[in-house]
Amino acid sequence: MTEIARIDAAVDAIDAAAAGLRPRLGIVLGSGLDACADALTNAVDVSYADIPGFPRPAVDSHAGQLRLGTLGDVPVAMLRGRAHAYEGHHMLDVVRPVRTLARLGCTSVVLTNAAGSLRETVGPGRLMMITDHINWSGLNPLTGPNLDALGARFIDMTAAYDPTLRDHLCSAAGRIGLDLAEGVYFWYPGPNFETPAEIRAFRSLGADAVGMSTVPECIALRHMGVRVAGISTITNLAAGLGDGSALDHDEVMATGAAMADHLARLLSAFAREAADVL
Ligand code: HPA
């Protein structure tokens, strides 16, 4: 089976469950942010187990469910749980769910994640709008024969995080009184957290936050011409910063979960602000 046929089989399975809803906005929820799905109304859930070709996320904080519904007046498809490279998934599996959202009709996708901050002034509990990213992983979801049906071989990444969507995110944050930081996201594929020396190196390269996801999806979506926005929930100061204490996955998850409410408010305000361009 070709990759395009795999994606289209997933689209067909979702279409059959969608009760006529045609999502225009996709949202990918990062680790610990599952509660954001409560913001959708008229929700229909489809388990990843019922969507052919969808990888099962192994991180237990992830639901592994697609939720269709509306956010404000905008029809939305929300991925609750993603597959990560560190689980051993092939890059094609990692990006198949977002490619499926694009083939379903989503012309914009908001990618969210949990991230460590490289700036002491942007600490745990803050939300950071991603302005750009750095991919130094050596991995790329577009490696291999180009999928011509999806996009071109060589793609521009000058404005990978869409300026118009970013403007709407900023005004949505202003409207709800949320202090939204901005910065560059560095993809570190994990699964170990970084060493302090790596964090110092990433900082000198221009990174503001570091995390283990989002970049492959952004690249795959830009390949398809989909507009991308990104939001990091800052769950911790990166390794070696702050008081230098050890990083702990459970603590990171707990901080992220406590921020799900803020993120849900921002996403709802964004859907209202940006409705005309979505
Ligand atoms: N590093 C990488 N990924 C993360 C971090 C971090 O400090 N925090 C949450 N996800």
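First listed ligand is number 1; within each ligand, the first listed atom is number 1.
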Q) Looking at Glu120 and Arg203, does any basic side-chain N land under 4.0 Å from a carboxylate oxygen? A) yes

Going through the checks in order, is the side-chain contact (heavy atoms from CB on, under 4.5 Å) test met by Thr233 and Leu127?
-> CA-CA 5 Å; Thr233 56; Leu127 295 180; 3.3 Å; yes

- Message: Just to check, does Tyr188 reach to within less than 4.0 Å of ligand 1 when the distance is taken from its heavy atoms?
- Response: no

Name the orientation class of the two ring planes belonging to Tyr188 and Phe202 (parallel below 30°, tilted from 30 to 60°, perpendicular beyond 60°). tilted

Honestly, for Ala115 the part within reach of ligand 1 (heavy atoms, under 4.0 Å) is backbone

Review point. Is the CG atom of Asp261 crowded by more than 12 outside heavy atoms at less than 6.0 Å?
Key: no

So the atoms of ligand 1 within less than 4.0 Å of a heavy atom of Val252 turn out to be 9 (C)

Under 4.0 Å from one or more heavy atoms of Glu194, ligand 1 contributes atoms 1 (N), 2 (C), 6 (C), 7 (O)

Counting from 1 in the order shown, the ligand 1 atoms closer than 4.0 Å to a non-hydrogen atom of Asn236 are 5 (C), 6 (C), 7 (O), 8 (N), 9 (C)

Exercise. Are Arg22 and Asp15 ion-paired here, with the side-chain N under 4.0 Å from a carboxylate O?
Worked result: yes

Of all protein heavy atoms, the one nearest atom 5 (C) of ligand 1 is Gly116 N, 3.4 Å

message: Does either side chain, that of Arg82 or that of Ser213, offer a donor lying less than 3.5 Å from an acceptor on the other one?
response: yes

When distances are taken from atom 3 (N) of ligand 1, the protein heavy atom at minimum range is Gly211 CA, 3.4 Å

Within 4.0 Å of some non-hydrogen atom of Ala114, the atoms of ligand 1 are 9 (C), 10 (N)

Checking heavy-atom distances from atom 9 (C) of ligand 1 to each of Val210, Thr235, Leu237, the winner is Thr235

Value for CG (Leu169) from CZ (Phe270), rounded to nearest 0.5 Å, stands at 5.0 Å

